[in-house]
Number of protein chains: 2
Amino acid sequence: MNRFVRKRPLILVVNDDGISAPGILALTRAMDDLGDVVVVAPMEQQSAIGHAITLHDRVLVQSYHVSDDVGHVRALGITGTPADCVKLALNTLLPREPDIVVSGINMGANTAINVIYSGTVSAATESSIRGVDSIAFSLCTKEVADFEPAAKYAKAITLKVLRSRLPRGIVLNVNIPAIPYENIRGVVVTRLAHSRWEECFVEKTDPENGTYYLYKGMFVNMDEGLDTDVNAIGEGYVSITPIQFDLTAHGCLGVLGTWRWTEHLG
Amino acid sequence: MNRFVRKRPLILVVNDDGISAPGILALTRAMDDLGDVVVVAPMEQQSAIGHAITLHDRVLVQSYHVSDDVGHVRALGITGTPADCVKLALNTLLPREPDIVVSGINMGANTAINVIYSGTVSAATESSIRGVDSIAFSLCTKEVADFEPAAKYAKAITLKVLRSRLPRGIVLNVNIPAIPYENIRGVVVTRLAHSRWEECFVEKTDPENGTYYLYKGMFVNMDEGLDTDVNAIGEGYVSITPIQFDLTAHGCLGVLGTWRWTEHLG
(Lines give C-alpha, C1' and ligand atoms only; values in the text may rest on other atoms or scores of the structure.)
Protein backbone atom coordinates (compact mmCIF):
# COMPACT_ATOMS: atom_id res chain seq x y z
CA MET A 1 0.00 0.00 0.00
CA ASN A 2 2.86 2.30 0.87
CA ARG A 3 5.37 2.65 -1.94
CA PHE A 4 8.19 3.91 0.26
CA VAL A 5 10.33 1.54 2.24
CA ARG A 6 10.00 2.55 5.83
CA LYS A 7 11.52 1.53 9.09
CA ARG A 8 9.59 -1.24 10.74
CA PRO A 9 7.63 0.17 13.66
CA LEU A 10 8.87 -0.52 17.17
CA ILE A 11 6.09 -2.13 19.20
CA LEU A 12 6.12 -2.51 22.98
CA VAL A 13 3.99 -5.36 24.31
CA VAL A 14 2.94 -5.28 27.98
CA ASN A 15 0.24 -6.90 30.12
CA ASP A 16 -0.94 -7.45 33.67
CA ASP A 17 -1.43 -11.22 33.66
CA GLY A 18 2.34 -11.72 33.69
CA ILE A 19 4.96 -12.56 31.10
CA SER A 20 4.06 -16.26 31.07
CA ALA A 21 0.34 -15.74 30.35
CA PRO A 22 -1.03 -17.18 27.10
CA GLY A 23 -2.58 -13.84 26.09
CA ILE A 24 0.73 -12.01 25.85
CA LEU A 25 2.18 -14.80 23.72
CA ALA A 26 -0.73 -14.52 21.28
CA LEU A 27 -0.31 -10.74 21.17
CA THR A 28 3.46 -11.01 20.68
CA ARG A 29 2.99 -13.35 17.73
CA ALA A 30 0.45 -11.03 16.15
CA MET A 31 2.69 -7.97 16.59
CA ASP A 32 5.73 -9.84 15.27
CA ASP A 33 4.15 -9.61 11.81
CA LEU A 34 3.85 -5.83 12.07
CA GLY A 35 7.21 -4.65 13.35
CA ASP A 36 10.06 -5.05 15.80
CA VAL A 37 8.64 -6.23 19.09
CA VAL A 38 9.92 -5.87 22.65
CA VAL A 39 8.00 -7.48 25.52
CA VAL A 40 8.21 -5.94 29.00
CA ALA A 41 5.78 -7.50 31.45
CA PRO A 42 5.42 -8.28 35.14
CA MET A 43 6.98 -11.56 36.24
CA GLU A 44 3.84 -12.30 38.24
CA GLN A 45 0.09 -11.92 37.74
CA GLN A 46 -0.96 -8.30 38.57
CA SER A 47 -4.70 -8.13 37.91
CA ALA A 48 -6.73 -5.45 39.69
CA ILE A 49 -3.54 -3.53 40.45
CA GLY A 50 -4.97 -0.41 38.76
CA HIS A 51 -2.47 2.34 38.09
CA ALA A 52 -0.17 1.48 40.99
CA ILE A 53 3.50 2.33 40.52
CA THR A 54 6.62 1.29 42.41
CA LEU A 55 8.20 4.37 43.95
CA HIS A 56 10.26 3.01 46.78
CA ASP A 57 11.24 -0.57 45.94
CA ARG A 58 13.87 -1.81 43.54
CA VAL A 59 12.53 -3.12 40.24
CA LEU A 60 14.32 -6.25 39.07
CA VAL A 61 14.57 -7.09 35.38
CA GLN A 62 15.19 -10.52 33.92
CA SER A 63 15.36 -11.87 30.36
CA TYR A 64 12.75 -14.43 29.30
CA HIS A 65 12.40 -16.81 26.41
CA VAL A 66 8.76 -16.42 25.42
CA SER A 67 8.41 -19.18 22.84
CA ASP A 68 10.52 -20.76 20.10
CA ASP A 69 8.57 -19.26 17.20
CA VAL A 70 9.12 -15.75 18.60
CA GLY A 71 12.51 -16.57 20.10
CA HIS A 72 14.05 -13.56 18.33
CA VAL A 73 11.80 -11.19 20.33
CA ARG A 74 13.49 -9.49 23.29
CA ALA A 75 11.38 -10.26 26.35
CA LEU A 76 11.95 -8.85 29.83
CA GLY A 77 10.12 -9.73 33.02
CA ILE A 78 10.09 -7.16 35.83
CA THR A 79 9.08 -7.21 39.47
CA GLY A 80 6.92 -4.08 39.15
CA THR A 81 3.40 -3.22 38.06
CA PRO A 82 2.02 -2.87 34.50
CA ALA A 83 2.44 0.93 34.68
CA ASP A 84 6.04 0.39 35.84
CA CYS A 85 6.65 -1.78 32.75
CA VAL A 86 5.74 1.12 30.48
CA LYS A 87 7.66 3.71 32.47
CA LEU A 88 10.80 1.61 32.63
CA ALA A 89 10.56 0.53 28.98
CA LEU A 90 10.05 4.03 27.63
CA ASN A 91 12.76 5.53 29.79
CA THR A 92 15.42 2.91 29.91
CA LEU A 93 14.87 -0.47 28.31
CA LEU A 94 13.89 0.45 24.73
CA PRO A 95 16.44 1.71 22.18
CA ARG A 96 14.04 4.49 21.08
CA GLU A 97 10.48 5.69 21.64
CA PRO A 98 8.11 2.97 20.42
CA ASP A 99 5.58 3.68 17.69
CA ILE A 100 2.87 2.02 19.70
CA VAL A 101 2.27 0.22 23.00
CA VAL A 102 -0.16 -2.71 23.09
CA SER A 103 -1.32 -4.23 26.36
CA GLY A 104 -2.82 -7.69 26.86
CA ILE A 105 -4.39 -9.80 25.63
CA ASN A 106 -6.00 -9.80 29.06
CA MET A 107 -7.84 -12.90 30.20
CA GLY A 108 -11.16 -11.36 31.24
CA ALA A 109 -13.26 -8.44 30.06
CA ASN A 110 -12.13 -4.89 30.78
CA THR A 111 -15.47 -3.32 30.08
CA ALA A 112 -17.48 -0.69 31.95
CA ILE A 113 -16.26 0.21 35.46
CA ASN A 114 -13.59 -2.49 35.29
CA VAL A 115 -11.26 -0.17 33.39
CA ILE A 116 -10.74 1.69 36.69
CA TYR A 117 -9.24 -1.41 38.33
CA SER A 118 -7.47 -2.80 35.30
CA GLY A 119 -3.71 -3.12 35.12
CA THR A 120 -4.03 -3.87 31.39
CA VAL A 121 -5.71 -0.54 30.72
CA SER A 122 -3.43 1.36 33.11
CA ALA A 123 -0.36 0.22 31.20
CA ALA A 124 -1.90 1.59 28.01
CA THR A 125 -2.91 4.80 29.78
CA GLU A 126 0.63 5.30 31.08
CA SER A 127 1.87 5.16 27.50
CA SER A 128 -0.73 7.63 26.31
CA ILE A 129 0.27 10.05 29.08
CA ARG A 130 3.76 9.89 27.60
CA GLY A 131 2.38 10.75 24.17
CA VAL A 132 2.76 7.28 22.67
CA ASP A 133 -0.32 5.71 21.04
CA SER A 134 -1.60 2.72 22.95
CA ILE A 135 -4.26 0.04 22.87
CA ALA A 136 -5.49 -2.34 25.59
CA PHE A 137 -6.84 -5.71 24.42
CA SER A 138 -8.98 -8.02 26.53
CA LEU A 139 -10.67 -11.32 25.78
CA CYS A 140 -14.03 -11.56 27.52
CA THR A 141 -13.63 -14.83 29.38
CA LYS A 142 -11.96 -16.10 32.52
CA GLU A 143 -11.82 -19.67 31.17
CA VAL A 144 -8.94 -21.26 29.28
CA ALA A 145 -9.59 -19.87 25.85
CA ASP A 146 -8.49 -19.64 22.26
CA PHE A 147 -6.69 -16.31 21.89
CA GLU A 148 -6.35 -16.59 18.11
CA PRO A 149 -9.55 -14.72 17.10
CA ALA A 150 -8.63 -11.91 19.50
CA ALA A 151 -5.07 -11.85 18.17
CA LYS A 152 -6.33 -11.46 14.59
CA TYR A 153 -8.42 -8.45 15.57
CA ALA A 154 -5.56 -7.06 17.67
CA LYS A 155 -3.32 -7.19 14.62
CA ALA A 156 -5.85 -5.49 12.32
CA ILE A 157 -6.70 -2.76 14.84
CA THR A 158 -3.05 -2.10 15.69
CA LEU A 159 -2.17 -1.77 12.01
CA LYS A 160 -5.07 0.64 11.54
CA VAL A 161 -3.82 2.79 14.45
CA LEU A 162 -0.22 2.67 13.21
CA ARG A 163 -1.43 4.02 9.86
CA SER A 164 -3.98 6.55 11.13
CA ARG A 165 -2.64 7.62 14.57
CA LEU A 166 -4.96 8.29 17.52
CA PRO A 167 -6.29 11.65 18.67
CA ARG A 168 -4.05 13.10 21.40
CA GLY A 169 -4.74 11.91 24.94
CA ILE A 170 -6.87 8.97 23.80
CA VAL A 171 -6.32 5.30 24.66
CA LEU A 172 -8.22 2.57 22.86
CA ASN A 173 -9.82 -0.02 25.09
CA VAL A 174 -10.64 -3.07 22.99
CA ASN A 175 -12.69 -6.01 24.21
CA ILE A 176 -13.14 -9.14 22.11
CA PRO A 177 -15.95 -11.65 22.70
CA ALA A 178 -14.79 -15.19 23.44
CA ILE A 179 -16.53 -16.82 20.51
CA PRO A 180 -15.24 -18.50 17.34
CA TYR A 181 -13.68 -16.15 14.80
CA GLU A 182 -16.38 -16.75 12.20
CA ASN A 183 -19.09 -15.80 14.70
CA ILE A 184 -17.65 -12.35 15.45
CA ARG A 185 -19.99 -9.88 13.78
CA GLY A 186 -17.59 -6.97 13.35
CA VAL A 187 -16.21 -3.97 15.24
CA VAL A 188 -18.16 -1.19 16.91
CA VAL A 189 -17.08 1.98 18.74
CA THR A 190 -18.74 2.13 22.14
CA ARG A 191 -18.94 3.97 25.43
CA LEU A 192 -18.25 2.35 28.80
CA ALA A 193 -21.46 1.00 30.35
CA HIS A 194 -22.58 2.44 33.69
CA SER A 195 -22.05 -0.40 36.08
CA ARG A 196 -20.67 -1.40 39.41
CA TRP A 197 -19.61 -4.37 41.47
CA GLU A 198 -21.96 -5.62 44.12
CA GLU A 199 -19.67 -6.92 46.77
CA CYS A 200 -20.30 -9.18 49.65
CA PHE A 201 -17.28 -9.70 51.85
CA VAL A 202 -17.20 -13.08 53.54
CA GLU A 203 -16.26 -12.73 57.20
CA LYS A 204 -14.01 -15.40 58.63
CA THR A 205 -12.16 -15.92 61.88
CA ASP A 206 -9.16 -18.00 62.76
CA PRO A 207 -6.85 -18.05 65.80
CA GLU A 208 -3.86 -16.64 63.91
CA ASN A 209 -5.52 -13.71 62.12
CA GLY A 210 -8.59 -13.00 64.19
CA THR A 211 -11.41 -11.67 62.02
CA TYR A 212 -10.69 -11.19 58.35
CA TYR A 213 -12.59 -10.76 55.09
CA LEU A 214 -12.53 -12.35 51.68
CA TYR A 215 -13.72 -10.45 48.63
CA LYS A 216 -16.68 -11.73 46.65
CA GLY A 217 -18.13 -9.56 43.94
CA MET A 218 -20.72 -9.70 41.22
CA PHE A 219 -20.62 -7.37 38.23
CA VAL A 220 -23.87 -5.46 37.74
CA ASN A 221 -24.56 -3.63 34.49
CA MET A 222 -26.99 -0.79 35.18
CA ASP A 223 -27.01 0.51 31.63
CA GLU A 224 -29.56 -0.48 28.98
CA GLY A 225 -27.92 1.60 26.25
CA LEU A 226 -27.33 -0.16 22.93
CA ASP A 227 -24.13 1.86 22.42
CA THR A 228 -22.21 0.39 25.38
CA ASP A 229 -19.22 -1.93 25.41
CA VAL A 230 -21.09 -4.51 27.49
CA ASN A 231 -23.92 -4.63 24.98
CA ALA A 232 -21.55 -4.88 22.01
CA ILE A 233 -19.79 -7.91 23.52
CA GLY A 234 -23.11 -9.55 24.31
CA GLU A 235 -24.16 -9.07 20.68
CA GLY A 236 -20.96 -10.68 19.38
CA TYR A 237 -19.06 -7.56 18.31
CA VAL A 238 -15.52 -6.46 19.07
CA SER A 239 -15.87 -3.30 21.19
CA ILE A 240 -13.53 -0.32 20.86
CA THR A 241 -13.96 2.40 23.49
CA PRO A 242 -11.87 5.58 23.39
CA ILE A 243 -10.85 6.45 26.94
CA GLN A 244 -9.10 9.47 28.35
CA PHE A 245 -6.73 10.06 31.23
CA ASP A 246 -7.83 13.67 31.83
CA LEU A 247 -10.21 13.06 34.73
CA THR A 248 -11.46 16.64 34.99
CA ALA A 249 -15.26 16.74 34.77
CA HIS A 250 -15.18 19.75 32.44
CA GLY A 251 -18.96 19.87 32.24
CA CYS A 252 -19.18 20.55 35.98
CA LEU A 253 -16.69 23.41 36.21
CA GLY A 254 -19.34 26.02 35.55
CA VAL A 255 -21.90 25.03 38.13
CA LEU A 256 -19.38 24.29 40.88
CA GLY A 257 -17.72 27.61 40.18
CA THR A 258 -20.90 29.34 41.34
CA TRP A 259 -20.96 27.65 44.78
CA ARG A 260 -20.04 29.74 47.82
CA TRP A 261 -17.30 27.42 49.07
CA THR A 262 -16.20 29.48 52.04
CA GLU A 263 -19.61 30.18 53.56
CA HIS A 264 -19.02 27.68 56.38
CA LEU A 265 -15.44 28.74 57.07
CA GLY A 266 -15.25 29.53 60.78
CA MET B 1 -29.52 27.41 60.25
CA ASN B 2 -31.73 24.37 60.01
CA ARG B 3 -34.67 24.53 62.41
CA PHE B 4 -35.40 20.82 62.32
CA VAL B 5 -33.47 18.41 64.46
CA ARG B 6 -31.95 15.92 62.11
CA LYS B 7 -29.85 12.84 62.42
CA ARG B 8 -26.16 13.63 62.55
CA PRO B 9 -24.58 12.63 59.25
CA LEU B 10 -22.47 9.48 59.15
CA ILE B 11 -19.02 10.31 57.81
CA LEU B 12 -16.47 7.74 56.66
CA VAL B 13 -12.84 8.89 56.86
CA VAL B 14 -10.24 7.04 54.77
CA ASN B 15 -6.74 7.74 53.44
CA ASP B 16 -3.72 6.18 51.76
CA ASP B 17 -0.95 7.33 54.10
CA GLY B 18 -2.13 4.85 56.73
CA ILE B 19 -4.19 5.05 59.89
CA SER B 20 -1.32 6.47 61.93
CA ALA B 21 -0.59 9.40 59.60
CA PRO B 22 -1.03 12.92 61.01
CA GLY B 23 -3.29 13.96 58.12
CA ILE B 24 -6.03 11.47 58.94
CA LEU B 25 -6.01 12.56 62.56
CA ALA B 26 -6.51 16.19 61.55
CA LEU B 27 -9.33 15.17 59.20
CA THR B 28 -10.97 12.99 61.85
CA ARG B 29 -10.98 15.87 64.32
CA ALA B 30 -12.49 18.22 61.77
CA MET B 31 -15.22 15.73 60.82
CA ASP B 32 -15.99 14.97 64.48
CA ASP B 33 -17.60 18.42 64.66
CA LEU B 34 -19.91 17.62 61.74
CA GLY B 35 -21.30 14.18 62.47
CA ASP B 36 -20.69 10.60 63.54
CA VAL B 37 -17.30 9.53 62.27
CA VAL B 38 -15.91 6.10 61.44
CA VAL B 39 -12.29 5.76 60.31
CA VAL B 40 -11.31 2.86 58.03
CA ALA B 41 -7.76 3.16 56.72
CA PRO B 42 -4.85 0.99 55.64
CA MET B 43 -2.58 -0.13 58.47
CA GLU B 44 0.43 0.78 56.30
CA GLN B 45 1.38 3.62 53.97
CA GLN B 46 -0.16 2.98 50.49
CA SER B 47 0.84 5.95 48.35
CA ALA B 48 0.92 5.52 44.56
CA ILE B 49 -1.22 2.41 44.87
CA GLY B 50 -3.81 3.88 42.48
CA HIS B 51 -7.11 2.06 42.31
CA ALA B 52 -5.69 -1.36 43.21
CA ILE B 53 -8.05 -3.72 45.03
CA THR B 54 -7.47 -6.95 46.92
CA LEU B 55 -9.29 -9.76 45.15
CA HIS B 56 -7.46 -12.86 46.27
CA ASP B 57 -5.92 -12.18 49.68
CA ARG B 58 -7.60 -12.04 53.04
CA VAL B 59 -8.16 -8.53 54.40
CA LEU B 60 -7.45 -8.28 58.11
CA VAL B 61 -9.21 -5.69 60.25
CA GLN B 62 -8.00 -4.36 63.58
CA SER B 63 -9.31 -1.70 65.97
CA TYR B 64 -7.16 1.36 66.58
CA HIS B 65 -7.15 4.12 69.13
CA VAL B 66 -6.54 7.24 67.04
CA SER B 67 -6.09 9.86 69.73
CA ASP B 68 -7.53 10.67 73.18
CA ASP B 69 -9.54 13.70 72.01
CA VAL B 70 -11.30 11.59 69.38
CA GLY B 71 -11.19 8.40 71.43
CA HIS B 72 -14.95 7.94 70.96
CA VAL B 73 -14.45 7.57 67.19
CA ARG B 74 -14.50 3.99 65.90
CA ALA B 75 -11.25 3.47 63.98
CA LEU B 76 -10.33 0.35 62.01
CA GLY B 77 -7.04 -0.43 60.30
CA ILE B 78 -7.09 -2.92 57.43
CA THR B 79 -4.42 -4.76 55.46
CA GLY B 80 -5.89 -3.73 52.08
CA THR B 81 -5.71 -0.74 49.77
CA PRO B 82 -7.55 2.60 50.04
CA ALA B 83 -10.21 1.38 47.58
CA ASP B 84 -10.60 -1.78 49.69
CA CYS B 85 -11.25 0.43 52.74
CA VAL B 86 -14.24 2.01 51.05
CA LYS B 87 -15.58 -1.25 49.63
CA LEU B 88 -15.31 -3.04 52.95
CA ALA B 89 -16.69 -0.13 54.95
CA LEU B 90 -19.71 0.42 52.71
CA ASN B 91 -20.51 -3.28 52.48
CA THR B 92 -19.72 -4.60 55.88
CA LEU B 93 -18.17 -2.37 58.51
CA LEU B 94 -20.58 0.58 58.63
CA PRO B 95 -24.01 0.35 60.27
CA ARG B 96 -25.62 2.15 57.29
CA GLU B 97 -24.65 3.93 54.08
CA PRO B 98 -22.58 6.99 55.00
CA ASP B 99 -23.68 10.48 54.02
CA ILE B 100 -20.22 11.29 52.76
CA VAL B 101 -16.75 9.78 52.40
CA VAL B 102 -13.72 12.01 52.95
CA SER B 103 -10.21 10.87 52.07
CA GLY B 104 -6.93 12.29 53.39
CA ILE B 105 -5.60 14.65 54.37
CA ASN B 106 -2.87 13.37 52.10
CA MET B 107 0.68 14.50 52.71
CA GLY B 108 1.61 15.70 49.24
CA ALA B 109 -0.24 17.34 46.37
CA ASN B 110 -2.69 15.31 44.29
CA THR B 111 -2.84 17.74 41.44
CA ALA B 112 -2.68 17.25 37.66
CA ILE B 113 -1.67 13.78 36.43
CA ASN B 114 -1.00 12.65 40.02
CA VAL B 115 -4.68 11.88 40.52
CA ILE B 116 -4.15 8.82 38.29
CA TYR B 117 -1.66 7.31 40.74
CA SER B 118 -3.27 8.52 43.94
CA GLY B 119 -4.69 6.14 46.50
CA THR B 120 -6.30 9.12 48.25
CA VAL B 121 -8.30 10.02 45.18
CA SER B 122 -9.08 6.39 44.31
CA ALA B 123 -10.70 5.87 47.70
CA ALA B 124 -12.96 8.85 47.03
CA THR B 125 -13.67 7.62 43.50
CA GLU B 126 -14.65 4.19 44.80
CA SER B 127 -17.22 5.88 47.01
CA SER B 128 -18.58 7.95 44.16
CA ILE B 129 -18.95 4.81 42.01
CA ARG B 130 -21.16 3.50 44.80
CA GLY B 131 -23.27 6.64 44.67
CA VAL B 132 -21.98 8.18 47.91
CA ASP B 133 -20.64 11.75 47.75
CA SER B 134 -16.92 11.94 48.34
CA ILE B 135 -14.05 14.37 48.63
CA ALA B 136 -10.28 13.84 48.52
CA PHE B 137 -8.15 16.28 50.49
CA SER B 138 -4.41 16.78 50.01
CA LEU B 139 -1.92 19.16 51.57
CA CYS B 140 0.66 20.31 49.04
CA THR B 141 3.86 19.44 50.85
CA LYS B 142 5.97 16.39 51.56
CA GLU B 143 7.52 18.00 54.65
CA VAL B 144 6.30 17.69 58.22
CA ALA B 145 3.52 20.22 58.16
CA ASP B 146 0.74 21.93 60.04
CA PHE B 147 -2.49 20.22 58.95
CA GLU B 148 -4.74 22.72 60.77
CA PRO B 149 -5.34 25.18 57.93
CA ALA B 150 -6.16 22.28 55.59
CA ALA B 151 -8.46 20.76 58.22
CA LYS B 152 -10.39 24.04 58.54
CA TYR B 153 -11.01 24.14 54.81
CA ALA B 154 -11.84 20.42 54.78
CA LYS B 155 -14.52 21.04 57.38
CA ALA B 156 -16.05 24.01 55.53
CA ILE B 157 -16.04 22.25 52.16
CA THR B 158 -17.46 19.02 53.59
CA LEU B 159 -20.27 20.92 55.28
CA LYS B 160 -21.02 22.70 52.01
CA VAL B 161 -21.23 19.36 50.18
CA LEU B 162 -23.37 17.78 52.91
CA ARG B 163 -25.84 20.67 52.51
CA SER B 164 -25.76 20.97 48.69
CA ARG B 165 -24.94 17.42 47.47
CA LEU B 166 -22.65 16.83 44.48
CA PRO B 167 -23.73 16.22 40.89
CA ARG B 168 -23.94 12.47 40.20
CA GLY B 169 -20.71 10.73 39.26
CA ILE B 170 -18.53 13.61 40.45
CA VAL B 171 -15.74 13.42 43.03
CA LEU B 172 -14.18 16.56 44.47
CA ASN B 173 -10.42 16.63 44.46
CA VAL B 174 -9.27 19.32 46.89
CA ASN B 175 -5.69 20.51 47.24
CA ILE B 176 -4.64 22.96 49.93
CA PRO B 177 -1.44 25.01 49.77
CA ALA B 178 0.97 24.43 52.67
CA ILE B 179 1.00 28.03 53.85
CA PRO B 180 -0.29 29.72 57.02
CA TYR B 181 -4.08 29.92 57.28
CA GLU B 182 -4.15 33.71 57.05
CA ASN B 183 -2.19 33.62 53.81
CA ILE B 184 -4.66 31.37 51.99
CA ARG B 185 -6.41 33.60 49.47
CA GLY B 186 -9.64 31.64 49.06
CA VAL B 187 -11.11 28.73 47.10
CA VAL B 188 -11.21 28.30 43.33
CA VAL B 189 -12.69 25.61 41.09
CA THR B 190 -10.06 24.36 38.67
CA ARG B 191 -9.24 21.78 36.02
CA LEU B 192 -6.36 19.32 36.28
CA ALA B 193 -3.20 20.73 34.69
CA HIS B 194 -1.70 18.87 31.74
CA SER B 195 1.47 17.41 33.11
CA ARG B 196 3.62 14.35 33.39
CA TRP B 197 6.47 12.84 35.32
CA GLU B 198 9.89 12.88 33.75
CA GLU B 199 11.45 9.73 35.04
CA CYS B 200 15.01 8.63 35.13
CA PHE B 201 15.47 5.14 36.49
CA VAL B 202 18.77 4.63 38.26
CA GLU B 203 20.39 1.37 37.18
CA LYS B 204 22.17 -0.60 39.88
CA THR B 205 23.75 -4.01 40.12
CA ASP B 206 24.48 -6.23 43.05
CA PRO B 207 25.41 -9.91 43.34
CA GLU B 208 22.10 -10.94 44.89
CA ASN B 209 19.68 -9.18 42.53
CA GLY B 210 21.69 -8.69 39.37
CA THR B 211 20.61 -5.52 37.55
CA TYR B 212 17.77 -3.57 39.05
CA TYR B 213 16.27 -0.10 38.84
CA LEU B 214 15.25 2.58 41.29
CA TYR B 215 12.60 5.12 40.40
CA LYS B 216 13.47 8.79 40.25
CA GLY B 217 10.94 11.21 38.89
CA MET B 218 10.42 14.91 38.45
CA PHE B 219 6.96 16.43 38.04
CA VAL B 220 6.69 18.60 34.93
CA ASN B 221 3.75 20.93 34.47
CA MET B 222 3.23 21.52 30.74
CA ASP B 223 0.18 23.74 31.18
CA GLU B 224 0.28 27.53 31.34
CA GLY B 225 -3.45 27.88 31.92
CA LEU B 226 -4.51 30.15 34.77
CA ASP B 227 -7.50 27.88 35.49
CA THR B 228 -5.48 24.83 36.56
CA ASP B 229 -5.08 23.25 39.97
CA VAL B 230 -1.31 23.64 39.84
CA ASN B 231 -1.60 27.36 39.17
CA ALA B 232 -4.19 27.84 41.92
CA ILE B 233 -1.93 26.25 44.52
CA GLY B 234 1.03 28.33 43.36
CA GLU B 235 -1.09 31.46 43.77
CA GLY B 236 -2.07 30.52 47.32
CA TYR B 237 -5.63 29.31 46.70
CA VAL B 238 -7.36 26.13 47.78
CA SER B 239 -8.08 24.22 44.57
CA ILE B 240 -11.27 22.20 44.02
CA THR B 241 -11.36 20.07 40.86
CA PRO B 242 -14.45 18.04 39.96
CA ILE B 243 -13.29 14.69 38.62
CA GLN B 244 -15.22 11.85 37.02
CA PHE B 245 -14.84 8.10 36.94
CA ASP B 246 -16.48 7.67 33.53
CA LEU B 247 -13.33 7.41 31.41
CA THR B 248 -15.13 7.32 28.05
CA ALA B 249 -13.79 10.04 25.76
CA HIS B 250 -17.28 10.96 24.60
CA GLY B 251 -15.96 13.67 22.28
CA CYS B 252 -14.07 11.05 20.26
CA LEU B 253 -16.89 8.57 19.68
CA GLY B 254 -18.00 10.29 16.51
CA VAL B 255 -14.72 10.44 14.67
CA LEU B 256 -13.58 6.95 15.67
CA GLY B 257 -16.95 5.60 14.63
CA THR B 258 -16.13 6.60 11.04
CA TRP B 259 -12.87 4.60 10.88
CA ARG B 260 -12.84 1.39 8.83
CA TRP B 261 -11.61 -0.84 11.63
CA THR B 262 -11.65 -4.13 9.73
CA GLU B 263 -9.82 -3.02 6.61
CA HIS B 264 -6.64 -4.85 7.63
CA LEU B 265 -8.40 -8.00 8.80
CA GLY B 266 -6.78 -10.90 6.93
Side-chain angles (χ1 to χ4, degrees), chain A residues 47-55 58-61 87-88 91-92 113 115-117 122 129-130 152 156-157 159-160 164 167 170 186-187 189 191-192 196 199-201 209-215 240-250 252-253 256-257 259 261-266, chain B residues 47-55 58-61 87-88 91-92 113 115-117 122 129-130 152 156-157 159-160 164 167 170 186-187 189 191-192 196 199-201 209-215 240-250 252-253 256-257 259 261-266:
Chain A
S47 288
I49 191 74
H51 211 114
I53 52 175
T54 305
L55 292 183
R58 56 188 69 184
V59 177
L60 307 188
V61 178
K87 281 182 183 286
L88 193 58
N91 278 283
T92 301
I113 197 64
V115 300
I116 290 260
Y117 307 104
S122 290
I129 292 169
R130 302 290 303 259
K152 279 184 188 165
I157 292 167
L159 187 51
K160 180 71 185 164
S164 303
I170 296 299
V187 175
V189 175
R191 62 177 174 82
L192 302 176
R196 68 181 192 190
E199 283 105 7
C200 96
F201 286 84
N209 297 301
T211 299
Y212 63 89
Y213 296 88
L214 292 173
Y215 179 92
I240 299 183
T241 309
I243 63 173
Q244 63 202 353
F245 55 80
D246 176 7
L247 302 183
T248 306
H250 290 277
C252 270
L253 290 173
L256 292 181
W259 286 24
W261 289 103
T262 52
E263 70 175 321
H264 301 298
L265 206 56
Chain B
S47 289
I49 193 73
H51 211 114
I53 53 176
T54 305
L55 292 183
R58 55 189 68 184
V59 176
L60 307 188
V61 177
K87 280 181 184 287
L88 193 58
N91 278 284
T92 303
I113 197 63
V115 299
I116 290 261
Y117 308 104
S122 290
I129 291 169
R130 302 290 303 258
K152 280 184 186 164
I157 291 166
L159 187 51
K160 180 71 184 165
S164 304
I170 296 298
V187 175
V189 175
R191 62 176 175 84
L192 302 176
R196 69 181 192 190
E199 284 106 6
C200 95
F201 286 85
N209 297 300
T211 300
Y212 63 91
Y213 296 88
L214 292 173
Y215 180 91
I240 299 183
T241 309
I243 64 174
Q244 62 201 354
F245 55 81
D246 176 6
L247 302 184
T248 306
H250 289 278
C252 270
L253 290 172
L256 292 181
W259 285 25
W261 288 103
T262 53
E263 68 175 324
H264 301 297
L265 207 56

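Remember, predicted model here, so these are calculated numbers, not experimental data. Below, chain A is the first sequence line, B the second, and so on; all start at residue 1.
Of all non-hydrogen atoms in Thr248(A) and Leu192(B), the two that sit nearest each other are OG1-N, 2.9 Å. Pairing each heavy atom of Ala249(A) with each of Gln244(B), the nearest pair is CA-OE1, 3.6 Å.
The choice from Ile53(B), Val187(B), Thr241(B), Thr211(B) that makes the most heavy-atom pairs within less than 4.5 Å of chain A is Ile53(B). Across Ser164(B), Gly50(B), Pro242(B), Gly186(B), the residue that shares the most heavy-atom pairs under 4.5 angstrom with chain A is Pro242(B). Interface check for chain B: of the options Leu214(A), Ile116(A), Val61(A), the most heavy-atom pairs under 4.5 Å are formed by Ile116(A). Taking chain A as the reference chain and counting heavy-atom pairs below 4.5 Å, the highest number among His250(B), Arg130(B), Lys160(B) is found for Lys160(B).
Phe201(B) contributes atom CZ, which lies 5.0 Å from atom CG of Leu88(A) (distance to the nearest 0.5 angstrom). Taken from NE2 in His51(A) to CD1 in Ile49(B), the straight-line distance is 12.0 Å, to the nearest 0.5 Å. Put simply, CH2 on Trp261(A) and CD1 on Ile157(B) are 7.0 Å apart, with the number rounded to the nearest 0.5 Å. In this structure, CG on Asp246(A) lies 10.0 Å from CD1 on Ile243(B), to the nearest 0.5 angstrom.
Remark: Lys152(B) pairs with no residue by the side chain to side chain donor-acceptor pair (under 3.5 Å) rule, at least two apart or across chains. For Arg191(B), the salt bridge (charged side-chain N to carboxylate O under 4.0 Å, His left out) partners at least two apart in sequence or on another chain are Asp223(B), Asp227(B).
A heavy-atom distance below 4.5 Å is not found between the side chains of Tyr215(B) and Val59(A). In this structure, Cys200(B) and Asn91(A) have side chains that are not in contact, with every pair of non-hydrogen atoms separated by 4.5 Å or more. Taking the side chain as every heavy atom from C-beta outward, Leu256(B) and Ile240(A) never approach each other to under 4.5 Å.
Contacts of Pro167(B) with chain A are made by side-chain atoms alone, with heavy-atom separations under 4.5 Å and no backbone atom involved. Both the backbone and the side chain of Leu60(A) come within contact range of chain B, each with at least one heavy atom under 4.5 Å from a heavy atom of that chain.
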